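The structure presented is a predicted model; accordingly, all values stated were derived computationally and were not measured.
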Amino acid sequence: MGQKEIIDRDTYRKIKKMNREELTNFILQYGDELLGEQGKTIDLPALEAELSKIKGIGEKRLDEIMVVIEKIPRCIKCF
């Protein structure tokens with residue numbers, strides 16, 4: 001069975017070219033979309049797992065992203 005595509009190719013290319021500020025804004029917007037779809041919580045381990053599947057985002061970059069996300073003062077449900 002094929003793996004579900006998380007992001008399209010154009011979005012992937014945009015992410016690869018982003019600096020830290022642009023990536024942070026992108027993630028915040030993505031998180032807002034998740035909040036709208038799932039209520040008022042974000043499953044951080046699930047988000048981290050999905051972000052880790054994006055080719056080009058290594059462990060260091062993922063750790064930086066998660067630090068930024070965890071600093072956001074929102075209603076975040078951690079498992």
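Val68 and Leu51 fall into different hydrophobic clusters, where Ile, Leu, Val, Met, Phe, Trp and Tyr are joined by side-chain heavy atoms under 4.5 Å apart, directly or via other members.
The line from CG of Leu62 to CE of Met66 is 6.5 Å long, rounded to the nearest 0.5 Å. Taken from CD in Glu70 to CG in Leu47, the straight-line distance is 10.0 Å, to the nearest 0.5 Å.
With sequence neighbours excluded, the residues that form a side-chain contact (heavy atoms from CB on, under 4.5 Å) with Ile27 are Leu23, Ile65, Ile69.
Within the structure, every pair that satisfies the salt bridge (Lys or Arg N to Asp or Glu O under 4.0 Å) test and touches residues 16-28, not counting sequence neighbours, is listed here: Arg20-Glu64.
Using a 4.5 Å cut-off on side-chain heavy atoms (C-beta onward), Lys71 and Val67 make contact.
Nearest heavy-atom pair, Tyr12 versus Lys55, reported as atom, atom and distance to 0.1 Å: CE1-O, 2.6 Å.
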